[in-house]
Amino acid sequence: MRRFLFIQLIALLSVFSSLSAQDGGMWIPSLIKQLNIDDMQDMGLKLSADDLYSVNNSSVKDAIVHFGGGCTAEVISSEGLLLTNHHCGYGQIQAHSTLENNYLKDGFWASSRRGELKNPGLDATFIIRIDDVTNKVFEGLTNDMDEGSRKAKISQNIHLINSSIEKEDFQDVKVKAFFNGNQYFAFITETFMDVRLVGAPPSMIGKFGSDTDNWVWPRHTGDFSMFRIYASKDNKPAEYSEDNVPYRPKHFLPISLDGVNEGDFTMVYGFPGRTEEYLPSVAIKQIVEVINPARIEIRDKALKIVDKEMRADATIKMQYASKYASIANYWKKWIGENKGLKASHAIEKREKYEEVFMEKVNANPEYIDKYSELMSDFDKYYAQFEKYNLANNYFGEIVYRNVEILKFSTMLHSVVKKYEDIDESGREAFVADVKPRVIDYTKGYFKNYNSKVDEKVFESLLEEYMTGMDPEFIPTYLTELVASYNNDYSKLAKEVFEDSNLTNIEDFNKLAEKSPSSALEKLKADPAYKIAVSMLDAYDIFIKDPYVELNTKIKKLQRTYMEAQVEVFKDKKFYPDANSTLRVTWGIVNGYEPKDGVYYSPKTYLGGIMEKYQPGDYEFDVPEKLRTLYDEKDFGVYGEDGKMPVCFIATNHTTGGNSGSPALDANGNLIGLNFDRVWEGTMSDINYDANICRNIMVDIRYILFIVDKYGGARYLIDEMKLVRPKAQTVVEGE
Ligand code: ARG
Ligand code: ASP
């Protein structure tokens with residue numbers, strides 16, 4: 001007993017020391033050998049750097065794909081079976097759903113290869129090789145170049161790299177900037193275009209807890225769906241064809257049934273989208289005090305309206321569920337981010353860091369020259385930038401994001417502009433080409449559009465625009481219009497929506513069927529279109545140029561600051577901000593203290609689903625079959641001590657885009673599926689803190705349990721490779 005305690009203590013101690021040593025980080029797979037492998041192995045990794053990333057042999061990276069450009073997925077069988085999140089496959093599941101076959105509601109299991117459903121437009125991209133091309137990208141750059149010529153030279157060089165780099169013709173190359181433009185890497189990729197839907201649980205499982213539980217721990221969401229990559233007969237990328245066959249991957253992930261325990265090593269391999277970990281304090285301050293509050297307020301207004309309408313009407317709920325989820329997602333994240341940045345004193349900490357930085361700069365004549373003005377320049381430019389940054393967000397949120405009729409108008413406006421820009425002789429061909437596409441787009445658009453809902457959002461956000469936007473950026477047309485209604489936004493909205501031709505497909509089609517010149521005339525007189533165009537024009541005249549100009553200056557400063565930090569803090573290892581390229585992050589399974597006196601343990605169970613269960617509630621209902629499986633404790637080989645694990649958390653540093661990423665154990669076996677982060681740690685995009693930042697994963701055993709016991713899709717389990725590394729066995733016929 002004593003001895004056991006001692007071992008536990010040592011284990012705990014090493015957990016804490018590795019924790020405190022951990023700064024987070026999303027590292028470049030091709031550099032692990034040089035930079036990280038020792039740290040990773042110290043923390044528990046059993047694989048070599050070559051096992052994780054290799055150009056010549058198959059490695060873990062060959063099982064990871066960028067899924068539809070925004071999420072991550074991984075190959076889990078020798079026949080191209082892909083695992084990703086339910087919220088990543090949501091659009092496809094929705095597209096295949098009808099009222100009779102509602103796969104969102106009831107789930108979907110293909111039951112045979114023939115039953116797997118094609119998804120036009122969906123693709124899956126593998127990374128074949130990563131090359132450092134910095135020197136080539138920087139060729140011909142000089143110190144005295146202005147940003148414009150520098151940019152032009154760089155894109156010229158990238159163009160050259162693209163055309164000269166060694167690759168097969170079914171491969172592509174993409175060059176991306178790292179460390180704010182201090183380093184460049186080329187990615188040789190293979191993109192598969194035939195990706196079919198294989199299975200998904202019902203939303204009651206895949207979206208359990210919905211927006212209430214989103215960004216929250218403890219969590220119980222079975223956020224997964226399955227797809228399959230199809231390839232040509234010679235295993236190459238190919239457009240959809242009935243003759244295509246399941247893709248044979250270079251590597252697929254074995255799946256561990258061993259489960260996880262607090263303190264276990266985990267890593268997450270995927271495509272994180274965007275982080276800003278190296279901002280100066282003044283930038284964080286602007287986000288916390290100005291930008292986040294504005295976007296939160298705008299979305300708050302829109303979401304309250306849409307939520308009310310959705311609750312009152314089932315059709316509206318169907319039409320708006322996906323749009324609502326996507327707007328609510330970052331609204332909630334920004335609220336959490338602001339709380340976390342304040343609670344962790346991120347601004348003060350960053351100020352201290354800058355003091356140390358400046359001390360080091362001032363102690364070295366070589367640095368003084370280059371960097372002594374950096375911080376004061378940041379202060380100066382961020383101060384000038386603030387009002388344009390705010391206006392840009394107002395414009396983006398209101399015109400491009402939340403008021404659908406305005407967004408639709410700007411889309412039409414860009415077509416009109418193109419039409420007017422080409423000369424008379426080319427216009428007929430232009431119309432013939434563009435008109436069917438616009439008509440096609442509007443079919444989908446109006447299918448999920450309700451003008452009553454949009455009218456209310458319009459009313460509320462137009463007022464927000466007039467009161468929250470800097471008056472100097474508001475077009476006179478709007479000021480006069482609103483004045484002519486005596487600030488009665490409700491009346492204004494009502495009349496705009498009554499008179500507009502853009503509120504339903506019939507009116508719109510009537511307009512579109514007219515000759516181009518009369519359609520144009522009618523469109524230009526449309527009250528909604530006129531408002532949108534006045535806002536667009538005001539944006540172009542007052543906001544765009546100063547915004548871009550200041551943003552360019554700030555970006556240049558940030559590039560210099562990044563370079564300076566690496567130079568000045570010589571002993572520190574830096575990882576580049578996320579930029580939608582392939583990365584590895586690692587950590588340990590670990591609970592956390594959300595607030596004083598409260599500890600959250602790192603694992604949840606099916607029993608917790610039953611605790612949250614609210615019959616009939618759209619967020620917390622539980623399907624009958626799952627309740628029965630729970631009652632009968634029918635967990636098969638997937639349970640653990642008579643309980644069914646559901647989710648777990650760890651200290652992996654992840655962000656948006658990491659959804660669907662595999663969580664791997666020390667041997668590279670799949671143990672979980674990443675899908676979210678905890679509320680108190682959503683600030684990790686700006687200020688990762690290992691004490692409080694946790695990523696959330698579905699336990700792979702819950703996924704297998706749902707596929708097998710709930711979905712009855714045992715044949716999918718049969719094509720996977722299940723292992724029990726602790727007993728060193730491959731599981732067969734369990
Ligand atoms: N917060 C997670 C991520 O950023 C999950 C989002 C999907 N779920 C939702 N309820 N909106 O993508
Ligand atoms: N839920 C996010 C995603 O979809 C992941 C995250 O932000 O932690 O990529």
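All ligand and atom numbering here is 1-based and tracks the order in the structure.
- Remark: K317 does not engage D313 in a salt bridge, criterion side-chain N to carboxylate O under 4.0 Å.
- Partners of E404 according to the side chain to side chain donor-acceptor pair (under 3.5 Å) rule, which considers only residues two or more places apart in sequence or in another chain, are Y320, K323.
- With hydrogens left out, the protein atom closest to atom 5 (C) of ligand 1 is N214 OD1, 3.4 Å, a heavy atom.
- Among all protein heavy atoms, the one lying closest to atom 7 (C) of ligand 1 is H87 CG, 3.6 Å.
- In terms of heavy-atom proximity, I671 sits nearest to F648 at O-CE2, 3.7 Å.
- Applying the 6.0 Å contact sphere to NZ of K573 captures more than 12 heavy atoms from other residues, nucleotides or ligands.
- Scanning the protein for heavy atoms near atom 2 (C) of ligand 1, the closest one is D676 OD1, 3.2 Å.
- For Y592, the side chain to side chain donor-acceptor pair (under 3.5 Å) partners two or more places apart in sequence, or in a different chain, are E680.
- Within the 4.0 Å heavy-atom criterion, the part of S210 lying near ligand 1 is the backbone and not the side chain.
- Here the heavy atom of the protein found nearest to atom 6 (C) of ligand 1 is N329 OD1, 3.5 Å.
- Enumerated by chain and number, the residues approaching ligand 2 to less than 4.0 Å through a heavy atom are H87, W215, T655, G656, G657, N658, S659, F675, D676, R677.
- Relative ring orientation between Y449 and F446 is described as perpendicular, the plane-to-plane angle rising above 60° on a 0-90° scale split at 30° and 60°.
- The aromatic rings of Y575 and Y278 sit tilted relative to each other, their planes meeting at an angle between 30° and 60°.
- Residues satisfying the side chain to side chain donor-acceptor pair (under 3.5 Å) criterion with K332, sequence neighbours excluded, are absent altogether.
- Using a 4.0 Å cut-off between heavy atoms, F675 contacts ligand 1 through its backbone alone, with no side-chain atom that close.
- For atom 10 (N) of ligand 1, the closest non-hydrogen atom of the protein is D211 OD1, 3.3 Å.
- Side-chain N/O atoms of N450 and E309 include no donor and acceptor closer than 3.5 Å.
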